[in-house]
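Here is the structure we will look at, set down as structure tokens.
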Amino acid sequence: MAKDNSFDIVSQVDLAEVTNAINQAMKEIGQRFDFKGSQSQIELEGHDIVLVSDDEYKLKSVIDILESKLIKRNVPLKALSYGKIEPAAGGTVRQRVTLQQGIPTEKAREIVKFIKDTKAKVQAAINGDMVRVSGKDRDVLQEVIAKLRAHDFGIDMQFTNYRSN
């Protein structure tokens, strides 16, 4: 009987690293001269980051600081989707940034279609918020991973749970 090998394509963000990056960004905002007396703050609410600042210019600076801290902590910026800037209480502005957890169904279908178009001898199946790819030959699975990494789907992808049975 032939052995079946598989791996999962997931899109997850380490929330502990995001929390650490937010704490570092808030510390830097508290120490910077251009933010003295400012009402700028960053909070994590579930899978959303809420950014608040005095005006849009300072909000852009807060975003730059946060992104630099996220990059240093190896959190991919592709996993962030920015909402629109809206007015908040006290003459401030607010922006909500959503952290991507899991692959959306449309993107999962696009990934499966891409894998099928490669004509590799593997099966791809959508399994909740991830895609499982299985096949008989490990080398073919490695080639599929390489092709997926080379193609940009607009989301951050990790390849986990690589199994050889």
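We use all heavy atoms of the structure for the numbers below, so side chains are in, but hydrogens, waters and symmetry mates are not.
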Checking one residue: Tyr57. Which other hydrophobic residues are in its cluster under the side-chain 4.5 Å linking rule?
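Cluster partners of Tyr57: none, it stands alone.
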[X] side chain near [Y] side chain, heavy-atom distance below 4.5 Å:
| X | Y | value |
| --- | --- | --- |
| Ile42 | Val50 | no |
| Ile115 | Leu148 | yes |
| Leu44 | Leu99 | yes |
| Leu80 | Leu77 | yes |
| Ile9 | Arg132 | no |
| Phe7 | Thr160 | no |

Name all residues meeting the salt bridge (Lys or Arg N to Asp or Glu O under 4.0 Å) criterion together with Arg138; count only those two or more places apart in sequence or in a different chain, and write none if there are none.
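Here no residue qualifies.
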Which residues satisfy the ring-ring contact (aromatic ring centres under 6.0 Å, His included) test with His47, sequence neighbours excluded?
none
Gap separating the [atom1] atom of [X] from the [atom2] atom of [Y], nearest 0.5 angstrom:
| X | Y | atom1 | atom2 | result |
| --- | --- | --- | --- | --- |
| Ser53 | Gln41 | OG | CD | 9.5 Å |
| Lys136 | Leu141 | NZ | CG | 11.5 Å |
| Met130 | Phe159 | CE | CZ | 14.0 Å |

Does anything in [range] form a ring pair (Phe, Tyr, Trp, His ring centres under 6.0 Å)? List the pairs, not counting sequence neighbours.
| range | result |
| --- | --- |
| residues 16-42 | none |
| residues 95-148 | Phe114-His151, Phe114-Phe153 |
| residues 68-104 | none |
| residues 87-111 | none |

Do other residues, nucleotides or ligands put more than 12 heavy atoms under 6.0 Å from the CD atom of Glu56?
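Open.
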Take Leu51 and Lys58 through the test side chain to side chain contact (heavy atoms under 4.5 Å, CB included) and record every step on the way to the result.
CA-CA 10 Å; Leu51 307 168; Lys58 281 197 174 153; over 6 Å; no
For Asn161, enumerate each residue passing the side-chain hydrogen bond (donor to acceptor under 3.5 Å, both in side chains) test, keeping only those at least two apart in sequence or located in another chain.
Asp8, Arg163
With sequence neighbours left out, what residues match Lys69 under side-chain hydrogen bond (donor to acceptor under 3.5 Å, both in side chains)?
Glu28
Please list all pairs passing the salt bridge (charged side-chain N to carboxylate O under 4.0 Å, His left out) test where one or both residues lie in residues 75-100, with sequence neighbours left out.
Glu45-Arg96, Asp48-Arg96, Lys78-Asp152, Glu86-Arg94
If a pair satisfies side-chain hydrogen bond (donor to acceptor under 3.5 Å, both in side chains) and one of its residues is in residues 116-130, list it, with sequence neighbours excluded.
Lys113-Asp117
Using distance only, find each side-chain donor-acceptor pair of residues 10-19 under 3.5 Å and give its atom names and separation, not counting sequence neighbours.
from: Ser11; atom 1: OG; to: Gln100; atom 2: NE2; distance (Å): 3.2
from: Ser11; atom 1: OG; to: Asp156; atom 2: O; distance (Å): 2.7
from: Asp14; atom 1: OD1; to: Ala16; atom 2: N; distance (Å): 3.3
from: Glu17; atom 1: OE1; to: Arg73; atom 2: NH1; distance (Å): 2.5
from: Thr19; atom 1: OG1; to: Leu15; atom 2: O; distance (Å): 2.8

Please walk me through it: do Val144 and Gln142 pass side chain to side chain contact (heavy atoms under 4.5 Å, CB included)?
CA-CA 5 Å; Val144 170; Gln142 293 289 341; over 6 Å; no
